[in-house]
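Working notes for the structure below.
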Amino acid sequence: MPMPQPPVARIEPGSDPYRWLENRDAPEVLEYLKAENAYLEAELADQAELRERLFQEIKGRIRETDLSLPVPWGPWLYYTRTSAGDEYPRHYRCPRPADGSLKVDESTEQLLLDPNALAGGGYLSLGAFSISPDHAWLAYSLDSSGEEVFRLYVKNLASGEVIPLPFESCDGSLTWANDNRTLFFATLDDTHRPHRLFRYRLGEASAEEVFHEPDGRFFLSCYRSSSERQLLLLLNSKTTSETWVLDAEHPEQAFRCLAPREEGHEYYVDHGCLDGAWAWLIRSNQAGINFALYAAPDATPERPYWRELIGHDPQVMLEDVSLNRDAIVLSLREQGLPIIEVRAAGQAPARVKLPDAAYSLYVQDNLEFDSPVIRLRYESLNRPAQIRQLDLASGEQTVLKETPVEGPFNADAYESRRIWATAPDGTQVPISLVARREVLAAGRPAPLYLYGYGAYGSSLDPWFSHARLSLLERGFVFAIAHVRGGGELGEAWYRAGKLEHKHNTFDDFIACAEQLIAAGYTTPQRLAISGGSAGGLLIGAVLNQRPELFAAAIAEVPFVDVLNTMLNPELPLTVTEYDEWGNPSDPVVYQRIKGYAPYENVRAQAYPAILVVAGYNDSRVQYWEAAKWVARLRASKTDSNLLLLKTDLDAGHAGMSGRYQAYRDAALEYAFLFKVLGIE
């Protein structure tokens, strides 16, 4: 049979020969994307049986019919249930048992929302799911395209009547005031930025605008405080924030500002209790980049009244604060690991003890404000996610639920490690990895999947994956490179990988790959790398710099045309990204970005096998970034290795909706790797 032939994108004269691919409405663009999809299927036709087997294998580890851990609130337990064959969980509630247990009574339960019925077999993303304080109404929002533009709805939970709200271009947020009749929601500007806040009363035909944020760098969001007594309006860019507050009992009044914005000052506000009295708690970086905690009296939350409660620590990042009637729970980051510290009234600070050396941990649910317990989510590379109940007074932990793994599984059959690589400037870069114990004990090079991100201060804490077991069971090592630009080692780690320091992100990743090879975990011929969005930029940059170091690469919704995107302020999110990447209207910044932008630096050299995935409706990273990059790679590379582009024509930044489609996407990626690496 003849070998499949890849599509050839036409080249136009000028500095950007594939700019024509940005014309979304041109028939030739859609034809080209479909041709690339067809070419991928033709090249992977011999993997069809394997992909189906991998899909069934992954699905077989998932408990398809399951009940979430119920959340008690007022007179009800709220929970979701997944059923075999359904893409989405259904939302329910039942009366709260008088004995204080979490036992669900199916005979009295009420179905609140069924996304499966709403999806109709197409794309669906549920935005807000917000119950009114009196439990009589459900406000929710739906995105049916993947563009992250939502329609708003309110459901009368007594009658079942659903009321579509007549507002367009919404960001999906919905926040109730305490009168159970007033909702606050935000709308998007032409760049998909939440910029206007509206107040809406049930039954009215229109809404009142209460706030407008004109600065294109700032996002607007509204939410309820932990005490449920206040509404907070947060305006924040990548480097600066400002908070306005409103008494939730009087939503008709105006918001008031706590501290006018100052460039570089970030502060985040909540309302709760301190020493038995209502108070404001403020996490601020005014004393240092790792943040400190301040308190202010209930009546005077403005900045002149802030007093330091917990000082700045240059070694420990204060990432978040959770408030309860009798305790303050701090989310810290120290030496690259998340720490939970409880400061209960009248007791010394206590840190939560955990079993693994590398893990993910965060406060999942504060439950009700006066609850004596909170819930933590804990997982590691070899341990499925657990929901742990933490008693705030005693520190006692109880595992309430562990995500099940169907079929044979033993967490102790896998070993997790934390090792370090040395970057060119001497910086020590952490690597988390996991494999079957016998694979690591053998001390021989193995196929290795290295994942990276390194942007926005986001931390890639180790996480468990049911799908990943299909790699580990075939002898793979899975590793995460915790490169600069992420937040794993605090704010300084983030700042050392952004703007003029962005090259550190790429240097760190290459150093991690070299360390894994030097330590005998793998070889260049068995090393695959992967990243998505800003992590796709990372993958594209290191492929240009050191293509011989890798055998395969997967780039999902990759931000690879960064220079052209940042030069176009009309595109969604561009202006807000200046604080992360820089504004290329400055000639110095232009040259800096041009020096690493993956699309700009493709050249005539051999590249490893590459799989690229894009979403046609992606509003964050436009589909054409991947398409243009692949077109230029095809025209420039000197090798015959696979280069495949898959564009999900009905998806956005997060890929196709629905859990089964996610399993099929994983099966496609793994089959691609097995083909390239020669794994049976």
Side-chain angles (χ1 to χ4, degrees), residues 69 71 102 226 272 281 283 290-293 309-368 371-405 409-420 428 430-434 437 459-465 480 482 486-490 493:
L69 191 61
V71 174
L102 300 176
S226 293
L281 281 297
R283 186 174 66 94
N290 279 347
F291 288 81
L293 186 64
L309 201 62
I310 300 173
H312 174 263
D313 187 334
Q315 305 302 319
V316 181
M317 176 72 173
L318 175 56
E319 288 194 321
D320 201 4
V321 179
S322 303
L323 302 183
N324 184 275
R325 183 191 60 192
D326 299 317
I328 298 173
V329 180
L330 308 179
S331 296
L332 310 173
R333 187 166 293 275
E334 186 174 14
Q335 296 182 338
L337 293 173
I339 305 291
I340 298 293
E341 182 175 289
V342 178
R343 299 198 172 208
Q347 297 186 30
R351 292 189 171 187
V352 173
K353 294 181 171 57
L354 299 163
D356 295 298
Y359 53 84
S360 173
L361 174 71
Y362 59 88
V363 177
Q364 174 166 296
D365 199 332
N366 271 1
L367 302 179
E368 294 159 305
S371 172
V373 298
I374 62 172
R375 290 177 181 174
L376 308 177
R377 182 182 174 93
Y378 173 80
E379 62 187 307
S380 63
L381 288 170
N382 63 317
R383 194 182 304 275
Q386 297 175 340
I387 307 303
R388 295 179 168 223
Q389 179 173 283
L390 176 67
D391 188 289
L392 293 169
S394 68
E396 179 182 355
Q397 297 181 57
T398 305
V399 177
L400 298 180
K401 184 178 178 65
E402 179 170 293
T403 303
V405 180
F409 173 76
N410 177 10
D412 293 332
Y414 308 89
E415 181 180 347
S416 175
R417 293 181 180 178
R418 172 65 66 90
I419 64 173
W420 298 80
Q428 294 294 293
I431 305 170
S432 299
L433 62 85
V434 66
R437 289 188 179 276
S459 298
L460 282 184
D461 291 323
W463 72 96
F464 182 83
S465 165
I480 305 169
H482 302 286
E488 288 90 339
L489 274 76
W493 194 254

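At a threshold of 4.5 Å between non-hydrogen side-chain atoms, the residues I480 and I431 do not count as touching. For the pair L293/L318, a side-chain contact is recorded, criterion being any heavy-atom separation below 4.5 Å from C-beta on. Between I374 and L367, every side-chain heavy-atom pair lies at or beyond the 4.5 Å cut-off. The side-chain heavy atoms of L361 and L337, taken from C-beta on, include no pair separated by under 4.5 Å.
To the nearest 0.5 Å, the span separating CG on L489 from CD on Q335 amounts to 8.5 Å. In this structure, CZ in R351 is found 10.5 Å from NZ in K353, a value given to the nearest 0.5 Å. In this structure, the separation between CG on D320 and CG on L332 is 10.0 Å, given to the nearest 0.5 Å. Here the CZ atom belonging to R417 is positioned 12.5 Å from the CG atom belonging to N382, to the nearest 0.5 angstrom. Once rounded to the nearest 0.5 Å, the distance linking CG of L69 with CG of L102 reads 6.0 Å. In this structure, the separation between OG on S371 and CG on D326 is 10.0 Å, given to the nearest 0.5 Å.
Among residues two or more places apart in sequence or in another chain, the side chain to side chain contact (heavy atoms under 4.5 Å, CB included) test is passed with S322 by V329, V363, N366. With sequence neighbours excluded, the residues forming a ring pair (Phe, Tyr, Trp, His ring centres under 6.0 Å) with W463 are Y451, F478, listed by chain and number. Looking at residues two or more places apart in sequence or on another chain, you find a ring pair (Phe, Tyr, Trp, His ring centres under 6.0 Å) between F409 and Y414, F464. With sequence neighbours excluded, the residues satisfying ring pair (Phe, Tyr, Trp, His ring centres under 6.0 Å) with Y378 are Y359. Residues satisfying the side-chain hydrogen bond (donor to acceptor under 3.5 Å, both in side chains) test with R375, not counting sequence neighbours, are none.
Across all non-hydrogen atoms, the minimal contact from R418 to S432 is NE-OG, 3.1 Å. Heavy atoms only, all atoms of each residue included: S459 and E319 are closest at OG-OE2, 4.1 Å. R377 approaches A385 most closely through the heavy-atom pair NH2-CB, 3.2 Å.
Screening residues 380-396 for salt bridge (Lys or Arg N to Asp or Glu O under 4.0 Å) gives D356-R383 as the qualifying pairs, with residues at least two apart or on separate chains.
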- Worked verdict on D313 versus N290 for side-chain contact (heavy atoms from CB on, under 4.5 Å): CA-CA 7 Å; D313 187 334; N290 279 347; 6.0 Å; no

- Query: Please walk me through it: do L390 and V342 pass side-chain contact (heavy atoms from CB on, under 4.5 Å)?
  - Reply: CA-CA 10 Å; L390 176 67; V342 178; 3.7 Å; yes

- Would you sort out whether I387 and L376 count as a side-chain contact (heavy atoms from CB on, under 4.5 Å), showing the intermediate values? CA-CA 6 Å; I387 307 303; L376 308 177; over 6 Å; no

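Of the possible polar contacts, none joining the Q386 side chain to the T403 backbone as a donor-acceptor pair under 3.5 Å is found.
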